[in-house]
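The structure appears below as structure tokens.
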Amino acid sequence: MKITPINIAQYHRAEHFQHYIKHECSISITADIDITVLWQYVKSHHLRIYPMLLWVISKAVNAIPECKFTIDTNGDLAMYERIDPAYVAWNSEKETIYCISTPYNEDYQLFYNNCIHDIENNKKGVMFPQGIIAANTFSVSASSELKFTSVTINVQK
């Protein structure tokens with residue numbers, strides 16, 4: 001995955017970045033959104049909602065450059081070319097979740113098909129059936145059976 005270095009001296013948000021890195025804080029924002037139109041589309045096209053939500057979220061995350069930032073191997077600020085969703089899926093046979101990732105693609109149909117493939121072909125009874133999740137990911141956790149408005153998990157590194 002291509003990583004582009006960011007010149008911190010020229011970065012317009014450098015002061016903020018350095019402040020939050022120094023204090024090792026995390027920020028969580030929850031916003032209710034109306035997905036009625038998306039839900040109607042999914043139902044009328046006989047699609048699954050979870051892969052579509054993963055695509056919508058991934059599209060939004062990839063549209064914001066700061067969401068693709070990382071610290072490179074030299075300890076410097078850098079930006080991934082693309083960031084992929086790392087998400088949980090349900091293994092009904094084992095009654096547990098497994099964590100996988102599907103590469104984000106602008107083409108929702110291609111992403112959707114790849115996501116369905118990844119969900120269906122990784123029910124191996126282990127937590128990480130694809131092995132180590134790539135660094136250029138962001139975490140998504142959702143359940144259609146559980147209704148909630150916010151979940152925050154703070155994991156160091």
Please check if the side chain of [X] supplies one atom and the backbone of [Y] the other of a donor-acceptor pair under 3.5 Å.
{"X": "Asn74", "Y": "Asp76", "answer": "no"}
{"X": "Tyr112", "Y": "Arg48", "answer": "yes"}
{"X": "His117", "Y": "Asn113", "answer": "no"}

Cluster check [X], [Y]: I/L/V/M/F/W/Y, side chain < 4.5 angstrom:
{"X": "Phe17", "Y": "Val61", "result": "no"}
{"X": "Ile21", "Y": "Ile6", "result": "yes"}
{"X": "Ile83", "Y": "Phe69", "result": "no"}
{"X": "Leu110", "Y": "Ile49", "result": "no"}
{"X": "Tyr50", "Y": "Val56", "result": "yes"}

### Stepwise side chain to side chain contact (heavy atoms under 4.5 Å, CB included) check, Thr70 with Asn136
CA-CA 8 Å; Thr70 188; Asn136 66 311; over 6 Å; no
Using a 4.5 Å cut-off on heavy atoms from C-beta on, say whether the side chain of [Y] contacts that of [X].
{"X": "Asp84", "Y": "Phe138", "answer": "no"}
{"X": "Asn105", "Y": "Trp55", "answer": "no"}
{"X": "Val37", "Y": "Tyr41", "answer": "no"}
{"X": "Val140", "Y": "Leu53", "answer": "no"}
{"X": "Asn122", "Y": "Gln130", "answer": "yes"}
{"X": "Tyr108", "Y": "Cys115", "answer": "no"}
{"X": "Pro129", "Y": "Val126", "answer": "yes"}

### Task
Dump the intermediate steps for side chain to side chain contact (heavy atoms under 4.5 Å, CB included) on Ile33 and Ile35, then the final yes or no.
CA-CA 6 Å; Ile33 58 171; Ile35 63 165; 3.9 Å; yes
[X] versus [Y], closest heavy-atom pair with distance:
{"X": "Ala86", "Y": "Ile133", "result": "CB-CG2, 3.8 Å"}
{"X": "Pro65", "Y": "Met79", "result": "O-SD, 3.5 Å"}
{"X": "Ala78", "Y": "Ile3", "result": "CB-CG2, 3.2 Å"}
{"X": "Ile8", "Y": "Ala14", "result": "O-CB, 3.3 Å"}

### Task
Verify the neighbour count for atom NE2 of His16: are there more than 12 heavy atoms of other residues, nucleotides or ligands below 6.0 Å?
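For His16, atom NE2 is not crowded (no more than 12 foreign heavy atoms under 6.0 Å).
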#### Entry: Lys123 side, atom NZ; Ile100 side, atom CD1 - distance, nearest 0.5 Å
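So the gap between those two atoms works out to 9.5 Å.
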### Task
Provide the full list of side chain to side chain donor-acceptor pair (under 3.5 Å) pairs with a residue in residues 60-69, sequence neighbours left out, each pair given once.
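Every side chain to side chain donor-acceptor pair (under 3.5 Å) pair that includes a residue of residues 60-69, provided the two are not neighbours, is Tyr11-Glu66, Arg13-Glu66.
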### Query
Going by the side chain to side chain donor-acceptor pair (under 3.5 Å) test, which pairs reach into residues 91-104, not counting sequence neighbours?
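Sorted pair list: Tyr87-Thr102, Thr102-Asp118, Tyr104-Glu106.
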### Query
How far apart are the C-alpha atoms of Lys2 and Thr4, what are their side-chain angles, what is the distance that settles it, and do they pass the side chain to side chain contact (heavy atoms under 4.5 Å, CB included) test?
CA-CA 7 Å; Lys2 181 181 174 190; Thr4 303; 3.9 Å; yes
### Task
Show your working on side chain to side chain contact (heavy atoms under 4.5 Å, CB included) between Phe128 and Ile132 and close with a plain yes or no.
CA-CA 7 Å; Phe128 296 97; Ile132 296 172; over 6 Å; no
### Query
Considering residues at least two apart in sequence or located in another chain, which fulfil the ring pair (Phe, Tyr, Trp, His ring centres under 6.0 Å) criterion with His46?
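Scan of His46 (ring pair (Phe, Tyr, Trp, His ring centres under 6.0 Å), adjacent residues dropped) gives none.
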